[in-house]
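Contents: one structure, followed by commentary.
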Amino acid sequence: SSHYYDREFFESFSDYLRQQYYSLGFVQAEISKPVIKFQKDNSLNVDYYLNEREQYLISKIDLDKLPPNHIKDLLVNKEGYPINILSLESDLQVIVRELQRQGYYFTSIKNINDSSILKYDKANQRVSIHPDIDLGSKICFNELIVAGTRLTKNLVISRELTLKKGEIINPDSIEELNQKLAGLGLFATHRVTPYIIYGEVENSCVKTNLLVQVKEKEFGVGEIASIS
């Protein structure tokens, strides 16, 4: 009908506009709710009032305390460009995942939900990003330990592991083992957990055991023979 309009759409468009400005560095942009005016010819005017305020460019992404890396290349936010507030959280997750991929399995960002992660220079309309990264130790595989088996031979589990002694452990290698254990169809539940051997370091990498905890499925007598 010519008299129909979707007010919810016009109101949600305010949020859309606000997100667009936030993604372009206008971190204090203000967008009004729609002001809707009906005309005599059954049309309507929709107005939005905008105060975009200052645009902030990124002066620095502080990763100086990390080992040499290419992590900045992986981020949406770049030094010298407007800050994209909407991508900040995902960028922080990228930093964590990349460091974990490199073997720093227990990496975390301590101020990920803290306003201290951003420092504004209002006079120059610049902002710097300062993640407080707890890198932890790089961990490398030492030994596989299996718990919970009654009928299944430990060899059935250990042969699914592709990690060699001394290789780094990261979430991908843990997930690969989890997927392979699930594919065996032998276990109701299974869990793979890295356990650091404190004081055992080789080539700047902490020796770490992988503990595989399983709960076997209940099998019939005819099926037990195949668990070997």
Pairs satisfying disulfide (SG to SG under 2.5 Å), at least one member in residues 23-78, at least two apart: none
Show me the side-chain donor-acceptor pairs of residues 89-96 shorter than 3.5 Å, one per line, residues at least two apart or across chains.
| unit_1 | atom_1 | unit_2 | atom_2 | d |
| --- | --- | --- | --- | --- |
| S90 | OG | S87 | O | 2.9 |
| D91 | OD1 | V76 | N | 2.9 |
| D91 | OD2 | V76 | N | 3.4 |
| D91 | OD2 | N77 | N | 2.9 |
| D91 | OD2 | N77 | ND2 | 2.9 |

message: Same cluster or not: L211 versus V206, using hydrophobic residues (I, L, V, M, F, W, Y) connected whenever any side-chain heavy atoms lie under 4.5 Å apart?
response: no
message: Measuring from atom CG of N111 to atom CD1 of I133, what distance do you get when rounded to the nearest 0.5 angstrom?
response: 9.0 Å
- prompt: Does any pair with a residue in residues 135-177 pass ring-ring contact (aromatic ring centres under 6.0 Å, His included), and if so which ones, sequence neighbours excluded?
  reply: none
- request: Please check if L184 and L163 belong to a single hydrophobic cluster, counting links between Ile, Leu, Val, Met, Phe, Trp and Tyr side chain heavy atoms closer than 4.5 Å.
  value: yes
- prompt: Any chance CG of N203 has more than 12 other-residue heavy atoms, nucleotides or ligands included, within less than 6.0 Å?
  reply: no
query: Is the side chain of Q213 donor-acceptor paired with the backbone N or O of G148 at a distance under 3.5 Å, no angle test?
result: no
message: Between S32 (side chain only) and Y48 (backbone N and O only), is there a donor and an acceptor less than 3.5 Å apart?
response: no
message: For K119, is the NZ atom crowded, meaning more than 12 foreign heavy atoms sit under 6.0 Å from it?
response: no
task: For residues L63 and P131, report the shortest heavy-atom separation together with the two atoms involved.
output: CD2-CG, 3.9 Å
- prompt: To the nearest 0.5 Å, how far apart are CG in L161 and CG in L181?
  reply: 9.0 Å
query: To the nearest 0.5 Å, how far apart are NZ in K217 and CG in L151?
result: 14.0 Å
task: Could you give me the CA-CA distance, side-chain angles and deciding distance for Y16 and F13, then say whether ring-ring contact (aromatic ring centres under 6.0 Å, His included) is met?
output: CA-CA 5 Å; Y16 171 78; F13 191 67; 5.6 Å; yes
message: Give me each pair satisfying disulfide (SG to SG under 2.5 Å) with a member in residues 87-146, each pair once, sequence neighbours excluded.
response: C140-C205
- prompt: Hydrophobic clusters join Ile, Leu, Val, Met, Phe, Trp and Tyr when side-chain heavy atoms are under 4.5 Å apart, directly or via other members; which others share one with V35?
  reply: Y49
task: Output every pair passing side-chain hydrogen bond (donor to acceptor under 3.5 Å, both in side chains) with a member in residues 17-29, not counting sequence neighbours, ordered by first then second residue.
output: D15-R18
statement: Residue pairs passing the disulfide (SG to SG under 2.5 Å) test with at least one member in residues 21-88, sequence neighbours excluded, are none
message: Filter on disulfide (SG to SG under 2.5 Å), then keep only pairs touching residues 24-83, sequence neighbours left out; what's left?
response: none
field: Pairs touching residues 125-134 that satisfy side-chain hydrogen bond (donor to acceptor under 3.5 Å, both in side chains), sequence neighbours left out
entry: D62-H130, S128-H130
query: Under the side chain to side chain contact (heavy atoms under 4.5 Å, CB included) criterion, do I168 and K138 qualify, and how do the steps go?
result: CA-CA 7 Å; I168 63 169; K138 181 181 285 189; 4.0 Å; yes
task: Answer yes or no: are there more than 12 heavy-atom neighbours, outside K60 itself, under 6.0 Å from its atom NZ?
output: yes
query: Please walk me through it: do I58 and K78 pass side chain to side chain contact (heavy atoms under 4.5 Å, CB included)?
result: CA-CA 7 Å; I58 300 172; K78 307 288 185 185; 5.9 Å; no
message: For a side chain to side chain contact (heavy atoms under 4.5 Å, CB included) check, start with the C-alpha distance between V214 and T152, then their side-chain angles and the critical distance, and finish with the verdict.
response: CA-CA 10 Å; V214 301; T152 309; over 6 Å; no
task: State plainly whether the residues K33 and E11 are in salt-bridge range, i.e. N to O under 4.0 Å.
output: no
query: For the hydrophobic clusters of this structure (ILVMFWY residues joined by side-chain heavy atoms under 4.5 Å, transitively), does one cluster hold both Y104 and I196?
result: no
query: At their closest point, which heavy atom of K122 faces which heavy atom of Y56, and how far apart are they?
result: CG-OH, 3.3 Å
For the student: nearest non-hydrogen atoms of V46 and P34, plus distance: CG1-CB, 3.9 Å
Distance-minimising heavy-atom pair for S14 and I31: O-CG2, 4.0 Å
Electrostatic pair K207-E202, nearest N-O below 4.0 angstrom: yes
field: Stepwise side chain to side chain contact (heavy atoms under 4.5 Å, CB included) check, I157 with H190
entry: CA-CA 11 Å; I157 295 173; H190 62 274; over 6 Å; no
query: Do you reckon V27 sits in the same ILVMFWY cluster as I129, going by side-chain contacts under 4.5 Å, direct or chained?
result: yes
- request: Would you mind reporting whether E98 and N69 have side-chain heavy atoms less than 4.5 Å apart?
  value: no
task: First locate atom OG1 of T107, then atom CG of L135, and finally report the distance between them rounded to the nearest 0.5 Å.
output: 4.5 Å
- line: Distance col, row L210:CG vs I169:CD1, nearest 0.5 angstrom, shows 4.0 Å
Results of ring-ring contact (aromatic ring centres under 6.0 Å, His included) for Y105 - residues two or more places apart only: none
- prompt: Is there a donor-acceptor pair under 3.5 Å between the side chain of T193 and the backbone N or O of R191?
  reply: no
side-chain hydrogen bond (donor to acceptor under 3.5 Å, both in side chains) partners of residues 141-150, not counting sequence neighbours, each pair once: N142-N209, T149-N154
Heavy-atom pair with the smallest gap, counting every atom of L24 and P82: O-CB, 3.2 Å
message: Do S59 and D121 make a side-chain contact, defined as non-hydrogen atoms from C-beta onward lying under 4.5 Å apart?
response: no
Separation between CZ of F26 and CG of L17, rounded to the nearest 0.5 Å: 13.0 Å
- request: Please check if the side chain of S43 supplies one atom and the backbone of Q39 the other of a donor-acceptor pair under 3.5 Å.
  value: no
message: Let me check something: do V201 and I139 share a hydrophobic cluster, defined by ILVMFWY side-chain heavy atoms less than 4.5 Å apart, either directly or through other members?
response: yes
- line: Sequence neighbours excluded, the answer for ring-ring contact (aromatic ring centres under 6.0 Å, His included) partners of F106 is none
